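Note that the numbering runs from 1 along the sequence shown for the chain. The shown structure was predicted, so the numbers you read here are calculated from the model rather than taken from an experiment. Both ligands and their constituent atoms are indexed starting at 1 by order of listing.
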Amino acid sequence: MPPGNDRKAENGELKAAAIAHPNIAFIKYWGNADNTLNIPLNGSISMNLGDLVTRTEVAFQPHYEQDTLSINDSYITGASLERVSRFLDIIRELSELKFFARITSETNFPIGAGIASSAAAFAALCMAAAEAAGLKMDDVELSRLARRGSGSACRSIPPGFVEWHAGAGDQDSCAYSIAPPDHWDLVDCIAIVQTDHKSVSSSVGHALAHTSPLLPAFTSDAVRRLADCRKAILERDFDNFAGIVETDSNLMHAVMITSTPPIFYWEPASLVIMKTITRWREKGLAVCYTLDAGPNVHVLTTSDLSAHIVNELGQIPGVVRVITSKPGGEARLQNLSSDQS
Ligand code: PMV
C-alpha cells in the first residue's frame, strides 16, 4: 500500500466509501462528440442536489472471481453490472490492481427516473474506487474519470453550481464549481409522476441525438445559453434564469422527440405541470421547470416559496410525490463505519 494511504486493508481487502449527490442540469448535455470517452458536443451547467445522496462502498479482494454490485439491497447483473465493470477496468488499469470488487450502493431517492441517479452513482463509485485502489487524484482528475462512467457524473464531483467544460478530449473535458452551494437558496421541488425505470437510457439517447435535424440548433446556440445561465446564477437573477432554463429543457426535448426513433420522456402529467408552472410565473411567482431524461418535473424556486410550491404541486393530478432538495456539496469520502449522511 502506498505511504499515507488510509484505506483499510484486512485480509488483502482494499476498501473505501464515498457519497455523491445527483445534479439537475440547467443547461443540458445531450449528444457526444466521442461516445466512448463521453466528450459532449457542448458544455453544461447544473446544481448538485444536497438532500439526495448515493453512498457507495467499494471493496477490492484478491479472491473475488468477478465484480458484484448491489443497489439498495438488490443484486444487479447484466448490462448495468457490465457498465460498472468496464468503469472499474479503467481504475484497475490506472492503478495496476488486478482484483475484482464488491460494490454496495444505497440511494435515498428513486433511481432511473430522471433524477440523474447515474451521475451520483458514478461520482460516488469513482471516488470510492480510486481511493480503494490507492490512486491519488485531485478533483479535476476525479471529474474527468467520473465522466467516463456517465458524462453528467463529472458535474457531481465539485460542489454547488457546476459547469462542465466540453473540452476537446479526455484531458480537458471536466467540471468546475462556479458558485458554492450557499450562493443561492434555490430549491428543486421534484414532482414525481412515475418511479419506474426509464424506457430509453441516456447512453442510447446520446447516440440517437445525431439523427435529429434539430441537433445543430441545440449545439450551435449552446455558448449563448451557457453564458446567460452562468450570468443569471452569479447575479441570482431568477427571471433570466427561469427563461434560459426552460428554453434549454424544451430545446433538448425537441431534439429527443425528433430523433429516429423518437424518444418521448414526458408523460401527460409532465405537460400539465409545465403549463401550470408557466401560469404561476405569469402571476409573479419565482418558479420554473426543467426535465432530464425522464417524466418527472424539476420545479425550481426560492426557499421562501418552496413549502407553498410543494403543497400546490401535490394537488396536481398525476403527481405521486414531491421530493425537495437544496443545493449540495461535493462528492466526498466517508468513514467506512459511518452511517449515510
Ligand atoms: O450522464 P448521462 O449520460 O446520464 O446524461 C445526462 C443527460 C441529461 O440528464 C438528460 C442532461 C444532463 O445534462 O444531465
So that I can tick it off, tell me whether Asp188 and Lys326 are bridged by a salt bridge, with the cut-off set at under 4.0 angstrom between side-chain N and carboxylate O. no
For Arg155, is there an ion pair with Glu163 - N to carboxylate O distance below 4.0 angstrom? no
With heavy-atom distances below 4.0 Å as the criterion, list the atoms of ligand 1 near Ser202. 2 (P), 3 (O), 4 (O), 5 (O)
Lys231/Asp228 ion pair, N-O < 4.0 Å: no
If I apply the N/O under 3.5 Å rule, does Tyr29 come out as touching ligand 1? yes
Out of His206, Met256, Met252, Arg155, the nearest non-hydrogen contact to atom 5 (O) of ligand 1 is supplied by His206
Please identify which atoms of ligand 1 are closer than 4.0 Å to at least one heavy atom of Ser118. 4 (O)
In terms of atom number and element, which parts of ligand 1 are under 4.0 angstrom from non-hydrogen atoms of Gly151? 1 (O)
Under 4.0 Å from a heavy atom of Ala25: give me the atoms of ligand 1 that qualify, with their elements. 12 (C), 13 (O), 14 (O)
Among the heavy atoms of Ala119, does any lie under 4.0 Å from an atom of ligand 1? no
Mind checking whether His253 and Trp266 have parallel, tilted or perpendicular rings, split at 30° and 60°? tilted
So is Ala293 close enough to ligand 1, meaning a heavy atom under 4.0 angstrom away? yes
Parallel under 30°, tilted from 30 to 60°, perpendicular over 60°: which one fits the rings of His206 and Tyr29? parallel
Please state whether Ser150 comes within less than 4.0 angstrom of ligand 1, counting heavy atoms only. yes
Under the 6.0 Å and 45° cation-pi test, does Arg225 pair with Phe218? yes
Using distance alone, decide if ligand 1 has a nitrogen or oxygen within less than 3.5 Å of any nitrogen or oxygen in Lys28. no
Which residue from Gly43, Gly31, Ser201, Ser152 reaches closest to atom 6 (C) of ligand 1 through any of its heavy atoms? Ser152
Nearest atoms (heavy-atom pairs only) where Val58 meets Phe60: CG1-CE1, 3.9 Å
Verify the distance criterion only: is there a donor paired with an acceptor across the side chains of Tyr265 and Asn296 at less than 3.5 Å? no
